[in-house]
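Every heavy atom of this structure was used, including side-chain atoms; hydrogens, water molecules and symmetry mates were not. Heads up: numbering here begins at 1 and tracks the sequence.
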Amino acid sequence: QVQLVESGGGLVQAGGSLRLSCAASGRTDSSYTMGWFRQAPGKEREFVAYIIWSGGITNYADSVKGRFAISREDAKNTMYLQMNNLKPEDTATYYCATSSRPSRWSDRYDNWGQGTQVTVSV
């Protein structure tokens, strides 16, 4: 079992930046994929980005492409999401998760963190 802990959320003005972290512990596997999802009140959980741990291949939702960057740090078993030029529509709870294979579908992910709130004000 993998435990995931997100951090780094907060309140920021539109145009600002935040960096989210997701620390993984437990039975990790270098072949897995780690992803970021977000869920706003009254909306379904949506894909943000993923990274394949071995090799670092990334994939982004169109809504964040060019503004967000996903990365990982092997030594710390930690994944990051650098979010720049934030918009009010980015407001949501952000979750990290692991999957045995790359996917944009949340149901392919079997370990989830508790989430961290990101609020972007106008």
Side-chain angles (χ1 to χ4, degrees):
Q1 189 74 8
V2 177
Q3 292 79 45
L4 303 172
V5 179
E6 302 99 333
S7 61
L11 173 65
V12 64
Q13 287 187 329
S17 298
L18 283 174
R19 189 177 80 156
L20 305 183
S21 299
C22 174
S25 61
R27 296 189 62 182
T28 57
D29 182 344
S30 61
S31 66
Y32 62 48
T33 294
M34 289 189 74
W36 287 100
F37 291 80
R38 65 188 183 185
Q39 188 167 20
K43 295 187 177 181
E44 293 187 353
R45 189 169 296 188
E46 66 171 353
F47 167 75
V48 175
Y50 72 63
I51 185 166
I52 301 174
W53 200 262
S54 177
I57 296 172
T58 60
N59 191 278
Y60 296 91
D62 288 345
S63 59
V64 306
K65 200 173 294 184
R67 300 188 298 122
F68 290 11
I70 190 171
S71 63
R72 87 267 193 246
E73 186 172 356
D74 289 350
K76 294 186 177 181
N77 234 12
T78 299
M79 173 179 67
Y80 303 98
L81 185 68
Q82 177 67 43
M83 306 186 294
N84 299 324
N85 191 22
L86 282 160
K87 304 176 181 180
E89 52 263 43
D90 294 318
T91 295
T93 301
Y94 284 70
Y95 299 89
C96 65
T98 64
S99 173
S100 60
R101 54 183 174 175
S103 177
R104 291 180 164 217
W105 298 100
S106 61
D107 60 0
R108 300 291 174 84
Y109 289 74
D110 44 21
N111 293 291
W112 292 83
Q114 81 289 350
T116 185
Q117 178 67 37
V118 172
T119 303
V120 185
S121 63
V122 297

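- Sorted by first and then second residue, the disulfide (SG to SG under 2.5 Å) pairs with a member in residues 43-72 form an empty list; sequence neighbours excluded.
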| field | Derivation of the salt bridge (charged side-chain N to carboxylate O under 4.0 Å, His left out) call for K65 and D62 | value | CA-CA 5 Å; K65 200 173 294 184; D62 288 345; 3.3 Å; yes

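- A donor-acceptor contact closer than 3.5 angstrom is absent between the side chains of Y95 and Q39.
- Residue Q114 places its CD atom among more than 12 non-hydrogen atoms of other residues, nucleotides or ligands, all under 6.0 Å distant.
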*asked:* As a quick check of understanding, evaluate side-chain contact (heavy atoms from CB on, under 4.5 Å) for L4 and M34, giving each step before the final call.
replied: CA-CA 10 Å; L4 303 172; M34 289 189 74; 3.9 Å; yes

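- We find the OG-CD distance between S25 and Q1 to be 10.0 Å, quoted to the nearest 0.5 Å.
- V2 and Y80 are not part of a single hydrophobic cluster, where members link through side-chain heavy atoms under 4.5 Å apart.
- Of the possible polar contacts, none joining the Y60 side chain to the R67 backbone as a donor-acceptor pair under 3.5 Å is found.
- There is a path of hydrophobic side-chain contacts, each under 4.5 Å, that joins V48 to V12.
- Between D90 and M83, every side-chain heavy-atom pair lies at or beyond the 4.5 Å cut-off.
- F68 contributes atom CZ, which lies 8.0 Å from atom CG of L20 (distance to the nearest 0.5 angstrom).
- Counting heavy atoms from C-beta outward, Y32 and S100 have side chains that stay 4.5 Å or more apart.
- Put simply, OG on S63 and CD on E46 are 5.5 Å apart, with the number rounded to the nearest 0.5 Å.
- Annotation: cation-pi pair R104/F47 absent, no NZ/CZ under 6.0 Å from the ring centroid and within 45° of its normal.
- Considering every non-hydrogen atom in both W36 and I70, the closest pair reads CD1-CD1, 3.6 Å.
- Cluster membership check: V64 shares its hydrophobic cluster with L18, using side-chain heavy-atom separations under 4.5 Å among Ile, Leu, Val, Met, Phe, Trp and Tyr.
- Listed here is the closest heavy atom pair of V122 and A14: CA-CB, 4.4 Å.
- Closest approach of I52 and P102 over heavy atoms only: CD1-CG, 3.4 Å.
- Checking side-chain atoms of T116 against main-chain N and O of E6 turns up no donor-acceptor pair under 3.5 Å.
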> Can you list the steps and then say if R45 with W112 is a side-chain contact (heavy atoms from CB on, under 4.5 Å)?
Replying inline: CA-CA 12 Å; R45 189 169 296 188; W112 292 83; 3.1 Å; yes

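- The aromatic rings of Y109 and F37 sit perpendicular to each other, their planes meeting at more than 60°, with 30° as the lower class boundary.
- Looking at every heavy atom in both residues, S17 comes nearest to Q82 through CB-NE2, 3.9 Å.
- Nearest heavy-atom pair, T78 versus S21, reported as atom, atom and distance to 0.1 Å: CG2-CB, 4.3 Å.
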What do the steps show when you test W53 against D74 for side-chain contact (heavy atoms from CB on, under 4.5 Å), and what is the final call? CA-CA 8 Å; W53 200 262; D74 289 350; 3.2 Å; yes

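- Scanning both residues, R108 and S103, for their nearest heavy atoms gives CG-OG, 3.3 Å.
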Derivation and outcome, side-chain contact (heavy atoms from CB on, under 4.5 Å), residues V120 and K87 = CA-CA 6 Å; V120 185; K87 304 176 181 180; 5.5 Å; no

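- To the nearest 0.5 Å, atom OG1 of residue T98 and atom CD of residue Q3 are 10.0 Å apart.
- The environment of CD in Q13 is sparse: at most 12 heavy-atom neighbours from other residues, nucleotides or ligands sit within 6.0 Å.
- Looking at Q117 and T91, their side chains come closer than 4.5 Å, going by heavy atoms from C-beta outward.
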